[in-house]
Amino acid sequence: MRFSRMVSKTLRSDPPDAETASHRLMLRAGLIHQVASGVYSYLPLGLRSLRKIENIIREEMDAAGGQELRMPALQPQELWEQTGRREAFGDNMFSFEDRRGRPMVLAPTHEEVVTNLVKANVQSYRDLPLILYQIQTKFRDEPRPRAGLVRVREFDMKDAYSFNADEASLDESYQAMAQAYRNIFRRCGLPVMMAEADSGAIGGKDSHEFLLATETGEDTVITCPSCSYTANAEKAESTYPEVPTEPDQSLEEVSTPGIKTIAGLADFLGVPESKTLKAVFYMSDGEPVFVTIRGDLDVNEVKLKNALQSHDLRLAEDQEVKAAGLVAGSASAIGINGIKRVADLSITSGNNFVVGANKPDTHFKYANYPRDFDTDILADIALAQPGQLCPRCGHALEATKGIEVGHIFKLGTFFSETLGAMFLDSEGQQRPIIMGCYGIGVGRLLAAAVEKNNDENGIVFPIPIAPYQVHVVGLNMSNEEVASAADRLYQEMQEAGIDVLYDDREEAAAGVKFNDADLLGLPVRLVVSPRNLKNAQVEVKGRTDSEAGSVSVDGVVEEVRRRLAEATL
RNA sequence: CGGGGUGUAGCCCAGCGGUAGGGCGCCUGCUUUGGGAGCAGGAAGUCGGGAGUUCGAGUCUCCCCACCCCGACCA
């Protein structure tokens, strides 16, 4: 590709609205162009990179036994009503009517369609297992798109679905996909973590996310530096120090004027926060929920949502708390009835807690479960925090931010049962197909790669996903000797099957070309100039090399091949 | 949906009641050519939209819209 013919222009300065590195650099280098919030065009450079990622994904999915197909993004809403997911997705789903007034949606994912497809084609255990996949556009009307391609409303996703006759077979498919994912991310130059993840309301047992550690990530990953425990904070378990148990004492009312927070309460009474219980109020599917947890811990809303089997969970607003007859700041489960109560297991680790007295400015000392209060659900709903202890080995946990680039999970039989995708097993029994699903956000993977691989001058593309492998720069192109030598080099690279971008601009100064080359971040830069040409040489520089080297004009292709091969190891 | 911010030329921004500006980019010519060159000339604007106040509105008021950031949300 000749630079002078490229539609995209590089930006001289950072776009002011882009804050994360990938967003800033992808706009600046002309990889993408924004159309609306969370909606982007891929410009030729961005698309080339995206295609390279797609091809890596295809190779690995095919190698793992996947069959590529393509399902429509446009779907009848009715399909989603059958599984109850029209309601579950709610406003996140783009929907409209066709000309006949039939409700249609733009698909945010494809379990419904793929399950029906398999239902029509699979009758026997002999047809299983199957792994089907596609790379296709998904639509999700996200409440808040952000960070360029990290969270968008229209995006390309590789989604795969496995269909198995039994759990052991499902496990094989699951492991095959996990391995394919590791291969894909490694080949894309991304060091990812595989973390235990929440499987959601529909999911089955196992679920893992693949996350790239970056400052700007949306997810928090809890890791153990000692053993291999890695889990999304939404899912992570932790153990926290037991509070030394004392002999139970009887409940005692104390006046706590103006005390509204746990920190204030602990301070006022001279006890550690772990000797208090805090009350948090939620609304779950429109019903108020009273949550009790030890004062030094925080509620994990995902765990709480799962414990409640809730579809829609949020913190209660002040009026809702009041309407439920609760005293914010001095509430406890003591004497609370007629409202659903959930307590974290931590209320059993310790005793003689300070709790609210359900009267303004008043608390109780020495509250004990179950002597003084009861709960409807007792479960682990605590948020794992760095510094708490690993549930596997007891070492102190750490937390890192990450971007989720892939997610795999065992779906079980929800879709096959709901939509009637059954098969006959070897004994002639009709059984629902067991499913798994496996997703990779392709554009997000590109964004993550840029987020991870850049320096103060621009992108540093990993070789396998760089839009072009080589950047040929002609300096002083009005010099005929340079122009013809550079043209020849460009030609030679193409003939050698190397992806090459050729900066053939006559008017651009050397500095402009060098800065653009650094910004685009292609792996190898070749400079043709009068200075080098005098010695029949071409300058060679890897994007991360601090110094450039030279190579004879005759040996350029070989040198480039060597560098590309070396770095791909 | 709550909180904060921003909308003026392709890009970045100034102007805050009185003729629509600057830098970059773009076009023409000359000069220049190893880290974002110089000179001269030129093209380019529904000042996000609507209503209002005013003799007069990018500028003040109200309503709306879009975009960004934080949160909520994200099976």
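No cation-pi contact links A:R444 to A:F155, judged by a cut-off of 6.0 Å to the six-membered ring centre and 45° from its axis.
Note: A:F290 and A:F281 meet the aromatic proximity criterion, with ring centroids under 6.0 Å apart.
Comparing B:G25 with B:A9, their C1' atoms sit 11 Å apart, to the nearest whole Å. B:U19 sits 14 Å from B:U59 when the P atoms are compared, rounded to a whole Å. To the nearest whole angstrom, the two C1' atoms, one in B:C55 and one in B:G50, are 23 Å apart. B:C60 sits 12 Å from B:U6 when the P atoms are compared, rounded to a whole Å. For the C1' atoms, the distance from B:C27 to B:C74 is 48 Å, rounded to whole Å. One C1' atom belongs to B:G71, the other to B:G21, and the distance between them is 39 Å to the nearest Å. Using atom P as the reference point in both B:G41 and B:G22, the two lie 13 Å apart (nearest Å). Here, B:G10 and B:C26 have their C1' atoms 8 Å apart, quoted to the whole Å.
With B:G34, B:C74, B:U33 as the choices, the nucleotide that has an atom nearest any side-chain atom of A:N476 turns out to be B:U33. With B:C74, B:G35, B:A75 as the candidates, the nucleotide lying closest to the side chain of A:R151 is B:C74. Here B:A75 is the nucleotide among B:G34, B:A37, B:A75 with the atom lying nearest to any side-chain atom of A:F89.
A salt bridge between A:R525 and A:D503 is absent, with no side-chain N of the basic residue lying under 4.0 Å from a carboxylate O of the acidic one. Classification of A:R151 and A:E218 as a salt-bridged pair holds, one side-chain N sitting under 4.0 Å from a carboxylate O. Between A:D219 and A:K401 there is no salt bridge, since no side-chain N of the basic residue sits under 4.0 Å from a carboxylate O of the acidic one. A salt bridge links A:E111 with A:R85: the distance from a Lys NZ or Arg NE/NH1/NH2 to an Asp or Glu carboxylate oxygen falls below 4.0 Å. Comment: A:D344 does not engage A:K303 in a salt bridge, judged by the lack of any side-chain N to carboxylate O separation of less than 4.0 angstrom. A:D504 has no carboxylate O lying under 4.0 Å from a charged side-chain N of A:K513, or vice versa, which leaves the two without a salt bridge. Between A:E78 and A:R86 there is no salt bridge, since no side-chain nitrogen of the basic residue lies less than 4.0 Å from a carboxylate oxygen of the acidic one.
If you check every strand for non-hydrogen atoms under 4.0 Å, A:R28 touches a base. Base contact: A:N532 has a heavy atom under 4.0 Å from a base atom. Using a 4.0 Å heavy-atom cutoff across all strands shown, A:R86 reaches no nucleic acid atom at all.
Evaluation of atom-type donor-acceptor distances gives no pair under 3.5 Å for the side chain of A:S529 against the base of B:U33. The base of B:G35 is not paired with the side chain of A:D516 by any donor and acceptor separated by under 3.5 Å. Applying the 3.5 Å distance criterion, the base of B:G35 shares a donor-acceptor pair with the side chain of A:D518.
The number of heavy-atom neighbours closer than 6.0 Å to CD of A:E481, taken from other residues, nucleotides and ligands shown, is 12 or below. In the displayed structure, A:D91 atom CG is contacted under 6.0 Å by at most 12 heavy atoms of other residues, nucleotides or ligands. Heavy atoms of other residues, nucleotides or ligands lying less than 6.0 angstrom from CD of A:E81 number more than 12.
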Between the protein and nucleotides 64-72 of chain B, list the N/O to N/O atom pairs that are separated by less than 3.5 angstrom.
unit_1	atom_1	unit_2	atom_2	d
B:C67	OP1	A:S37	N	2.9
B:C67	O3'	A:Q34	NE2	3.3
B:C68	OP1	A:Q34	NE2	3.0
B:C68	OP2	A:S37	OG	2.8
B:C68	O2'	A:D17	O	3.3
B:C69	OP1	A:A147	N	3.3
B:C70	OP2	A:R144	NH1	2.9
B:C70	OP2	A:R144	NH2	2.6

Dump every N/O contact between nucleotides 21-29 of chain B and the protein below 3.5 Å, one line per pair.
unit_1	atom_1	unit_2	atom_2	d
B:C24	O3'	A:R12	NH1	3.3

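Counting only Watson-Crick or G-U wobble pairs whose defining distances are both under 3.5 Å, the stems of 3 or more consecutive pairs in RNA chain B are B:1-7 with B:65-71, B:10-13 with B:21-24, B:26-30 with B:38-42, B:48-52 with B:60-64.
The nearest whole Å value for the distance from the CG atom in A:D503 to the P atom in B:G35 is 15 Å.
In this entry the base of B:G58 is syn relative to its sugar, with a glycosidic angle within 90° of 0.
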